[in-house]
Amino acid sequence: DSTTGDYYYGIKVSPNYDKSMSNVHILNNIVYNTLRSGIALYPSNYLVTTNVLSNALVRGNEVYNAGRDTTSAGGGITVKNEVRDSVIEFNYLHNNSGPGADALSGGLSGGPYCNAPYNLHIRYNSITDNGNSIYRTANWSAGIMFGGASLIDGGFNNGDVKVYGNLIYKNNAHGVVIKNTMAGTNSIKIYNNTFYDNNVLAGGGAFLVDNVGGTFSALEFKNNLIYNKNDSSTYCVYDIASKITSHSNNIYYNPATGSGVNLIYNNGVSIPRSSISSYESTAQVNNPNFKNVSNLPMRFTGTYGIDMVP
């Protein structure tokens with residue numbers, strides 16, 4: 001019955017000390033009203049590299065109203081530290097206080113810092129209305145978040161994540177955000193996702209890349225569709241220090257009228273729709289003409305491996 005300072009998760013998989021764990025399946029659950037994250041894959045020992053969770057599958061779950069503890073960055077599904085070769089798919093993550101899904105790592109003051117998830121696939125999830133401002137400031141408001149408050153409690157160190165095929169819509173502040181707590185060498189590839197009407201703050205972006213540390217072997221943004229909210233003060237992509245290594249074949253659309261609507265912010269330069277080819281020669285800026293935005297999809301339905309659709 002408390003809402004502050006309690007470490008209560010919905011489902012938490014956490015091999016302790018120097019132990020490892022593999023082949024964990026979390027399937028078709030409904031998790032709600034938790035103080036920390038609804039589902040957490042979370043090896044907890046920062047001091048050893050043998051504290052590993054591998055081959056985890058989180059599929060078909062619904063998680064909502066998670067992360068109610070005001071001292072926590074908890075959200076829908078959290079993947080933290082040495083989690084390898086794992087998949088988060090076909091989940092319905094909505095109305096959580098923190099992000100719908102987040103990947104991060106922690107450590108001790110001054111080090112060592114644990115490695116972030118490696119070969120993690122976040123795919124085919126429906127992620128909406130996360131980052132509830134009742135419990136969380138805009139710093140924790142996003143559909144998907146990488147990193148956190150600090151290298152000690154929410155960094156992202158030597159990680160490798162692929163994000164694809166997700167519906168990311170009507171989240172608060174950002175659709176996807178990469179925080180400024182990167183370290184080591186990381187690879188994040190974001191492709192084939194649909195961003196729709198996320199409540200981007202003025203001067204922010206549906207995809208926000210903070211002035212991050214560390215280096216990227218790859219930070220790719222390809223084949224995504226971003227339909228921004230109707231606000232000329234917001235961007236589809238906000239890349240503070242030009243950290244994106246490769247981008248192509250994206251649709252950037254803002255329904256706001258006027259020739260001065262900027263779609264991209266890249267290292268101090270705002271790029272309007274009329275100049276998008278100077279940033280990305282393969283980009284499109286026309287209205288994608290969604291069929292029925294008054295009836296947005298919720299979860300994926302169908303038979304797995306045969307006919308799953310939103």
Heavy-atom side-chain proximity of M298 to Y92 below 4.5 angstrom = yes

May I ask you to check whether H174 and Y238 place their ring centres under 6.0 Å from each other?
-> no

How far does CG of N192 sit from NZ of K222, to the nearest 0.5 angstrom?
-> 11.0 Å

Identify the residue among D102, V161, I190, V176 that makes a side chain to side chain contact (heavy atoms under 4.5 Å, CB included) with I122.
-> V161

Please step through side-chain hydrogen bond (donor to acceptor under 3.5 Å, both in side chains) for the pair N16 and S44, ending with a clear verdict.
-> CA-CA 6 Å; N16 289 321; S44 57; 3.0 Å; yes

What is the distance from atom CD1 of I11 to atom CG of N61, rounded to the nearest 0.5 Å?
-> 6.0 Å

How long is the span from the OG1 atom in T194 to the CG atom in N224, to the nearest 0.5 Å?
-> 8.0 Å

Measure up the Y9 and Y42 rings against each other and bin them: parallel (under 30°), tilted (30 to 60°), perpendicular (over 60°).
-> perpendicular

Does some side-chain heavy atom of N51 sit less than 4.5 Å from a side-chain heavy atom of Y17?
-> no

Between D18 and T50, a side-chain donor and acceptor under 3.5 Å = no

Answer yes or no: is there a side-chain heavy-atom contact under 4.5 Å between F146 and M182?
-> yes

Kindly indicate whether the side chain of P99, heavy atoms from C-beta on, has any atom under 4.5 Å from the side chain of N130.
-> no

Heavy atoms, side chains only, cut-off 4.5 Å: are L120 and I88 in contact?
-> yes

How long is the gap from CG on L41 to NZ on K12, to the nearest 0.5 Å?
-> 11.0 Å

For the pair H247 and Y279, name the ring-plane relationship: parallel under 30°, tilted 30 to 60°, perpendicular over 60°.
-> parallel

Would you call the rings of Y304 and F90 parallel, tilted or perpendicular, where under 30° means parallel and over 60° means perpendicular?
-> perpendicular

Counting N and O atoms only, with roles assigned by atom type, does the side chain of N199 sit under 3.5 Å from a partner on the main chain of N171, one being a donor and the other an acceptor?
-> no

Do the two ring centres, one from F207 and one from F221, sit under 6.0 Å apart?
-> yes

Name the orientation class of the two ring planes belonging to Y64 and Y32 (parallel below 30°, tilted from 30 to 60°, perpendicular beyond 60°).
-> parallel

Report the distance from atom CG of N96 to atom CG of N172, rounding to the nearest 0.5 Å.
-> 11.5 Å

Side-chain heavy atoms of S187 within contact of S217, under 4.5 Å = yes

Centres of the Y227 and Y252 rings: under 6.0 Å?
-> no

